[in-house]
2 protein chains.
Amino acid sequence: MKNAVTKTKPRAHSHSHQRQEMSALTGRLRQQARKITGPRAAILEILRQHPHPLTNKEIFAAMSGGQCNLATIYRAMHLLEEMGMVKRFDFGDGTARFELVGEGDDGHHHHLVCTRCAEVVEIEECFPSAIESRIAAANGFTSVTHKLEFFGICPECQ
Amino acid sequence: MKNAVTKTKPRAHSHSHQRQEMSALTGRLRQQARKITGPRAAILEILRQHPHPLTNKEIFAAMSGGQCNLATIYRAMHLLEEMGMVKRFDFGDGTARFELVGEGDDGHHHHLVCTRCAEVVEIEECFPSAIESRIAAANGFTSVTHKLEFFGICPECQ
DNA sequence: ATTAAGATGCAAACGATTTGCATTTAAAAT
DNA sequence: ATTTTAAATGCAAATCGTTTGCATCTTAAT
Ligand SMILES: [Mn+2]
Ligand SMILES: [Mn+2]
Ligand SMILES: [Zn+2]
Ligand SMILES: [Zn+2]
């Protein structure tokens, strides 16, 4: 039995940031009859080790020797997004960012971004669903969701 | 005396949507030593009569006979944004949208957008400042604000 | 080993936005 | 009213993130 000694139980964040097993990731691809290719494995590996959203260019740069074409990354991110394996985020700078999403998790969460140095903090809080429901009802809308990001100056940059 | 009979007092929205006088708008430009030009007058006039954010292309299309060049609109929107006369919004479709802002108003507010027909509803509610303060404090950030937009299916499209 | 659907690389195409530069113009100065 | 000049415009070319057509490859099933 491992870890028999007292140990702080790891806090499971609502948006699961515990790294996913590579096998679980490739398994999800196989289930959908998609191929496990070099580029895809490399992309998933990079996403796996980053706790914050990455741009396609950042993913591309993170690959040692241009393991694949940038267009391939764009295509892969679309596929992964459709499959619900990654979530797309928009920090308002005209560049999409992607984060790996845990199995069964829809990935909905928010960030606090430093407008000086671009540091990113993962945020647990969400827009109060009671208020959102009220907004939806008041306007006759259904399936209402939201995009929400926070911006400010981080401790380092103040 | 007009309207002597019982009448519902018009609800003043937090983000002033009462149309601004053209003279007030041009006055703000003059104060900053900017010129009142044909294109700028046309742009302000169009923004004045639209309660929802407009894209630059929509503003351009709203001008009868190509009263000005699209690049001029882009430049004007940057100027107006810097001057705090318009607020930029991002609905996540890669196209900026602008809305006229009342004098003294910072224009901060949110929208509910139909993902089927793109109908836009102006929203009064805002992210609870108490929670935002807690998020800022918990992470040592200052000057924290947020971008927030709601998405759903409007009554027509359901 | 064969095969076919799926994936990739590459370059061209795209749409929104920005920019350089010659020309025009609003508004201040005379 | 005329002159003057900083500011603004038009136009075309450039930029940037993203998408796409197509020939070529590769995964994974047969
Ligand atoms: Mn995140
Ligand atoms: Mn609005
Ligand atoms: Zn949320
Ligand atoms: Zn708000």
Side-chain angles (χ1 to χ4, degrees), chain A residues 22-23 25-46 53-83 85-98 118, chain B residues 22-23 25-46 53-83 85-98 118:
Chain A
M22 196 56 174
S23 60
L25 295 172
T26 56
R28 288 171 77 179
L29 276 174
R30 281 206 195 76
Q31 282 176 228
Q32 314 253 334
R34 315 315 298 243
K35 297 178 178 172
I36 315 298
T37 63
R40 288 180 182 168
I43 291 169
L44 289 172
E45 187 56 42
I46 291 164
L54 292 178
T55 66
N56 283 347
K57 210 188 288 182
E58 285 169 343
I59 293 172
F60 184 63
M63 292 186 184
S64 36
Q67 286 171 59
C68 87
N69 190 277
L70 185 54
T72 300
I73 298 183
Y74 275 95
R75 283 190 273 235
M77 300 319 291
H78 277 297
L79 172 69
L80 295 174
E81 187 183 17
E82 274 171 28
M83 292 182 56
M85 291 180 64
V86 301
K87 177 88 175 168
R88 176 189 299 258
F89 291 97
D90 178 5
F91 289 178
D93 66 347
T95 312
R97 281 156 216 273
F98 301 89
Chain B
M22 196 56 175
S23 60
L25 295 171
T26 56
R28 287 171 76 179
L29 277 173
R30 282 207 194 76
Q31 282 176 229
Q32 313 252 333
R34 317 313 299 241
K35 297 177 179 175
I36 316 298
T37 63
R40 288 180 183 170
I43 290 169
L44 290 173
E45 187 56 43
I46 290 165
L54 292 178
T55 66
N56 283 346
K57 210 188 286 184
E58 285 169 344
I59 294 172
F60 184 62
M63 291 185 184
S64 36
Q67 286 170 61
C68 85
N69 190 277
L70 186 54
T72 301
I73 298 182
Y74 275 95
R75 283 191 273 235
M77 300 319 290
H78 277 296
L79 172 69
L80 295 173
E81 187 183 16
E82 274 172 27
M83 291 181 58
M85 291 179 64
V86 302
K87 177 88 175 170
R88 176 188 301 256
F89 290 98
D90 178 4
F91 289 178
D93 66 347
T95 313
R97 282 156 215 274
F98 301 89

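All values derive from a computational prediction rather than experimental measurement. Here is how names work: the chains are called A, B, and so on, in the same order as the sequence lines, proteins then strands, and each is numbered from 1.
- Out of C:dA16, C:dT18, C:dT8, the shortest distance to the side chain of B:His78 is found at C:dT18.
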Run the side-chain donor-acceptor check on residues 87-96 of chain B: report pairs under 3.5 Å with partners two or more places apart or on a different chain.
| residue | atom | partner | partner atom | Å |
| --- | --- | --- | --- | --- |
| B:Arg88 | NE | B:Glu81 | OE1 | 3.3 |
| B:Arg88 | NE | B:Glu81 | OE2 | 3.1 |
| B:Arg88 | NH2 | B:Glu81 | OE1 | 3.0 |
| B:Asp90 | OD1 | B:Gly92 | N | 2.7 |
| B:Asp93 | OD1 | B:Thr95 | N | 3.1 |
| B:Asp93 | OD2 | B:Arg97 | NH2 | 2.4 |

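- B:Ala76 comes within 4.0 angstrom of nothing in the nucleic acid, heavy atoms only.
- For B:Glu45, the salt bridge (Lys or Arg N to Asp or Glu O under 4.0 Å) partners are B:Arg48, not counting sequence neighbours.
- Distance check, rounded to the nearest 0.5 Å: CD of B:Glu58 to CD1 of B:Ile73 gives 11.0 Å.
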Do any side-chain atoms of residues 29-44 of chain A form donor-acceptor pairs under 3.5 angstrom with protein atoms, and if so which ones, sequence neighbours left out?
| residue | atom | partner | partner atom | Å |
| --- | --- | --- | --- | --- |
| A:Thr37 | OG1 | A:Arg40 | N | 3.3 |
| A:Arg40 | NH1 | A:Lys35 | O | 2.9 |

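- Here the closest non-hydrogen pair linking A:Val86 and A:Phe98 is CG2-CD2, 4.0 Å.
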Checklist outcome for this item: Once base and sugar-phosphate atoms are separated, protein heavy atoms under 4.0 Å mark nucleotides 19-28 of chain C, 5' to 3', with B, S and - as BB----BBS-
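- The list of side chain to side chain donor-acceptor pair (under 3.5 Å) pairs with a residue in residues 59-76 of chain B, not counting sequence neighbours, reads B:Ser64-B:Gln67.
- For the pair A:Leu79 CG and C:dA5 C1', the computed distance is 14 Å after rounding to whole Å.
- Comparing B:Leu70 and A:Leu70 along DNA chain C, the residue whose closest nucleotide (by nearest heavy atom) sits nearer the 5' end is A:Leu70.
- A:Gln67 comes within 4.0 angstrom of sugar-phosphate atoms only, judged by non-hydrogen atoms across all strands, and of no base.
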